[in-house]
Amino acid sequence: MQKKIRVEQLRLGMHVQSLCGAWLDHPFWKTQFVLRDPEDLRKLRDSAVRECWIDTDKGLDVAAVASGVAPRRDAAGPASQESAALPPADDRALAIPPTSSLRDESLRAASLVGQAKQIVTALFTEARMGQALDIGGCAELVDEVTASVWRNPDAMLSLVRLKTHDDYTYMHSVAVCALMVALAKQLKLGMADAREAGMAGLLHDMGKVAMPLEVLLKPGKLTDEEFAVMRSHPERGHAMLRDRVIEVDTSIGQVTDGVLDVCLHHHERVDGKGYPHGLTGERLSTLAKMGAVCDVYDAITSNRPYKAAWDPSESIGKMASWRNGHFDEAIFQAFVRSMGIYPTGSLVRMESDRLAVVIEQNESSITKPKVKIFFSARTSLPISVEILDLARPECTDRISGRESNSIWKFPHLESLWASTDALRKMGRA
């Protein structure tokens, strides 16, 4: 039976079923667990969470604590009639979140990215060790990412690009999650569908944990044999999600057919030249087509062991040249609208021959973002920083084209477009 109690009533041996309040208010990456560690109990009492739900079929009851009854050890009791009283996670997210400024949302997103890395790392570690997969923490994560993207997509989409060689495998999943949610929003899908897309993005590369590390992390070109091994990761991940996920109580935490489909088919192409099944466009689901675009974009805008990242704007241009045969045209066009012709973080040249970095998108025009000018290409010298909103009628300067930082080699370019506070939260400032 499930009961709602005050945090002060929690004792060791109780099974915590759900924590009331915002996910970032508590220090745990899982929300369903038996309290065994006194330190965990202390952290929970010190957190902003004031109430929680316990399951007395899986741990101690409040009355049992008072009478000294020993806790039950995770017994899988029958479903309680009162379980319907537990508010599912998706009820919180179905309401449209209010908009937020880029600065405010960047601080929230920075904290969320830090916790997201912990969750995905823990999940991938469980998977690599052959354990059953508890995706309850993933459900909460997708809930928060979706809300963040709805409030202000620029914040989360910008920060998830910031990866190192060492954390690429984990942060790629978080980035694709955010990109999928933003694309779903652009396609005008509902919140529930957007969160399913986010879950699909988060879990799409689970099969990578089954790849030999010497192949997965190889700093050079793969041999034909190694590439054949890597091409097996969609099927390995699909089997893993189908067979090893522990059921959770929230609808967002279910591995739906759509989530499984993206895991299996995110490397397919609309011309049938993808893998593992060589499906053509008419046989691919909308979610799988979305996954293909988001996966490729994050991969080519990230530093890899064998390749430096492309500039976001350069990447959009490259993908546009591949779209005939590689991507679904309507999905790709929606993706460009969600990111902008010049995505946040892009290095651009202005008609005034000054260089700038894109700091925020304008919904009114994908070709007229907000930019931060900082360098004169004519004199090759830094200039006073100036922020321009290119969509404002009084602005006379315009973007004349893309620039690549592989040529200019500006150090710490990210500090120009991401807030110092957000970078500090992520340990990058």
Side-chain angles (χ1 to χ4, degrees), residues 1-95 97 111-112 115-116 118-119 122-123 126 131-147 191-192 195-196 199 244-256:
M1 185 172 70
Q2 296 180 11
K3 291 183 177 180
K4 188 175 185 180
I5 67 171
R6 299 188 310 277
V7 167
E8 292 79 9
Q9 294 177 279
L10 279 171
R11 298 292 186 273
L12 296 181
M14 288 183 170
H15 184 281
V16 177
Q17 184 69 18
S18 178
L19 300 171
C20 301
W23 181 60
L24 288 174
D25 287 344
H26 67 77
F28 306 103
W29 72 271
K30 292 184 179 181
T31 56
Q32 298 180 16
F33 56 95
V34 175
L35 266 175
R36 304 188 191 283
D37 189 339
E39 180 62 17
D40 285 344
L41 180 58
R42 184 194 65 77
K43 288 179 180 178
L44 191 47
R45 287 176 175 169
D46 290 344
S47 74
V49 176
R50 303 297 0 124
E51 294 180 311
C52 66
W53 290 77
I54 63 170
D55 190 334
T56 60
D57 289 327
K58 299 178 180 178
L60 278 182
D61 195 348
V62 177
V65 172
S67 61
V69 177
R72 300 178 62 171
R73 297 293 182 182
D74 290 305
S80 166
Q81 292 184 351
E82 290 193 22
S83 62
L86 182 64
D90 53 312
D91 281 354
R92 297 195 307 273
L94 287 177
S111 296
L112 183 56
Q115 290 210 27
Q118 295 180 37
I119 288 173
L123 180 68
E126 289 177 355
Q131 298 175 1
L133 304 179
D134 183 348
I135 62 169
C138 295
E140 298 282 353
L141 171 59
V142 172
D143 197 354
E144 294 291 336
V145 169
T146 303
M191 290 288 285
R195 285 174 35 242
E196 182 183 29
M199 181 67 87
R244 287 170 48 190
V245 170
I246 300 171
E247 281 193 24
V248 295
D249 291 335
T250 60
S251 61
I252 187 179
Q254 304 307 316
V255 177
T256 64

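These values consider heavy atoms only, across backbone and side chains, with no hydrogens, waters or symmetry-generated copies.
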Atom pair CE/CG of Met14 and Asp61 - distance to nearest 0.5 Å: 7.0 Å

Heavy-atom pair of closest approach, residues Val49 and Cys20: CG1-O, 3.4 Å

Euclidean distance, Arg11 CZ relative to Ile5 CD1, rounded to 0.5 Å: 8.5 Å

Closest approach of Lys58 to Val34 (non-hydrogen atoms, all atoms of both residues): O-CG2, 4.1 Å

Residues which pass salt bridge (charged side-chain N to carboxylate O under 4.0 Å, His left out) with Arg50, listed by chain and number, not counting sequence neighbours: Glu8

Where Arg195 and Thr146 come nearest, the two heavy atoms and their spacing: CG-OG1, 3.0 Å

Gap between atom CD of Gln115 and atom CD1 of Ile119 - 0.5 Å precision: 6.5 Å

Interatomic spacing from CD1 in Ile135 to CG in Leu141 - rounded to 0.5 Å: 11.5 Å

Nearest heavy-atom neighbours spanning Ile54 and Leu10: CG2-CD2, 3.9 Å

Partner residues of Arg42 under the salt bridge (charged side-chain N to carboxylate O under 4.0 Å, His left out) criterion, sequence neighbours left out: Glu39, Asp46

Atom of Gln131, atom of Arg244 and distance for their closest heavy-atom approach: O-NH2, 2.9 Å

Pairwise distance OG1(Thr56) to NZ(Lys3) - rounded to 0.5 angstrom: 6.0 Å

Approximate separation, where rounding is to 0.5 Å, of Arg6 CZ and Arg45 CZ: 11.5 Å

Distance-minimising heavy-atom pair for Met1 and Asp57: N-OD2, 2.7 Å

